[in-house]
Amino acid sequence: MLIAAFFTDYRKKVGEMMLRVILELFRIITIIFVIGMIMGLIIHSIYAIFGITVENTTGGWIVGMAIFPLLYVLYKNRFQFSGFYKNGKQVKLSNRTTAILLCSSVLMLTVAPLFR
């Protein structure tokens, strides 16, 4: 009887954890799409102010690729701590890693208009 209770409790915990992981993955995908689209709109609006068009060019791809490190830093330093999946191993990115990723994104956004 004790063994059956143990396995029932264990299966319940595993099922709960799997649900939390699936919800967190859905949350990550939503963050990437929604916030990524908002960032893209803002970046393209800034380019439009200066009369720069990067749509349908290689520069447009570079802008898209520059958004991903920004989203990664945002998720790892802010959003991962407020999600469904809780783990003691969740840590922020180091200051050096954050600076490298942000500088690479800014560099890509700076050179994107050159690739028309």
Side-chain angles (χ1 to χ4, degrees):
M1 194 66 155
L2 184 62
I3 294 172
F6 171 77
F7 283 116
T8 303
D9 189 44
Y10 178 75
R11 270 191 275 148
K12 184 179 176 184
K13 286 182 182 178
V14 169
E16 244 179 60
M17 191 162 128
M18 289 296 293
L19 179 63
R20 289 182 183 271
V21 169
I22 290 169
L23 286 172
E24 187 66 22
L25 288 173
F26 181 72
R27 182 174 172 261
I28 291 169
I29 291 168
T30 304
I31 287 170
I32 288 172
F33 281 120
V34 173
I35 297 178
M37 284 191 286
I38 291 169
M39 285 181 169
L41 180 67
I42 291 170
I43 291 167
H44 286 291
S45 297
I46 292 171
Y47 284 155
I49 290 171
F50 294 109
I52 299 170
T53 306
V54 292
E55 288 90 18
N56 300 324
T57 64
T58 306
W61 283 95
I62 294 172
V63 169
M65 295 308 295
I67 290 173
F68 284 112
L70 295 172
L71 288 171
Y72 181 72
V73 169
L74 186 64
Y75 179 79
K76 286 294 283 183
N77 288 344
R78 297 284 178 208
F79 291 143
Q80 80 172 338
F81 302 108
S82 64
F84 296 104
Y85 182 71
K86 303 292 183 194
N87 187 354
K89 297 178 183 177
Q90 294 172 329
V91 294
K92 287 184 174 185
L93 293 173
S94 68
N95 289 339
R96 183 171 189 241
T97 304
T98 300
I100 289 171
L101 289 172
L102 292 179
C103 287
S104 66
S105 288
V106 170
L107 180 66
M108 284 190 278
L109 291 173
T110 305
V111 300
L114 301 176
F115 291 92
R116 293 190 212 185

Any chain of hydrophobic side-chain contacts (each under 4.5 Å) joining I35 to I46? yes
Can you tell me how far the SG atom of C103 sits from the CD1 atom of I100, to the nearest 0.5 Å? 8.5 Å
Between atom CD1 of I38 and atom CD1 of I43, what is the distance when rounded to the nearest 0.5 Å? 12.0 Å
Test side-chain contact (heavy atoms from CB on, under 4.5 Å) applied to S82 - qualifying residues, sequence neighbours left out: R27
Grouping I, L, V, M, F, W and Y whenever their side-chain heavy atoms are under 4.5 Å apart, do F50 and I42 come out in a common cluster? yes
All side-chain contact (heavy atoms from CB on, under 4.5 Å) counterparts of V111, not counting sequence neighbours: L107, L114, F115
Let me have the donor-acceptor pairs involving side chains of residues 61-77, under 3.5 Å, with sequence neighbours excluded, atom names and distances please.
residue, atom, partner, partner atom, Å
Y75, OH, E24, OE2, 2.6
N77, OD1, L93, N, 2.9
N77, ND2, T98, OG1, 3.3

For T30, check side-chain contact (heavy atoms from CB on, under 4.5 Å) against everything at least two apart and list the hits. F26, V34
What pairs meet the salt bridge (charged side-chain N to carboxylate O under 4.0 Å, His left out) rule with one or both residues in residues 91-105, with sequence neighbours excluded? none
Return the OG1 to CG distance between T97 and L102, rounded to the nearest 0.5 Å. 10.5 Å
Under the side-chain contact (heavy atoms from CB on, under 4.5 Å) rule, collect the residues that match up with V21, sequence neighbours excluded. L25, Y85
Name all pairs fulfilling the side chain to side chain donor-acceptor pair (under 3.5 Å) condition that reach into residues 47-58, sequence neighbours left out, sorted by first residue then second. H44-E55
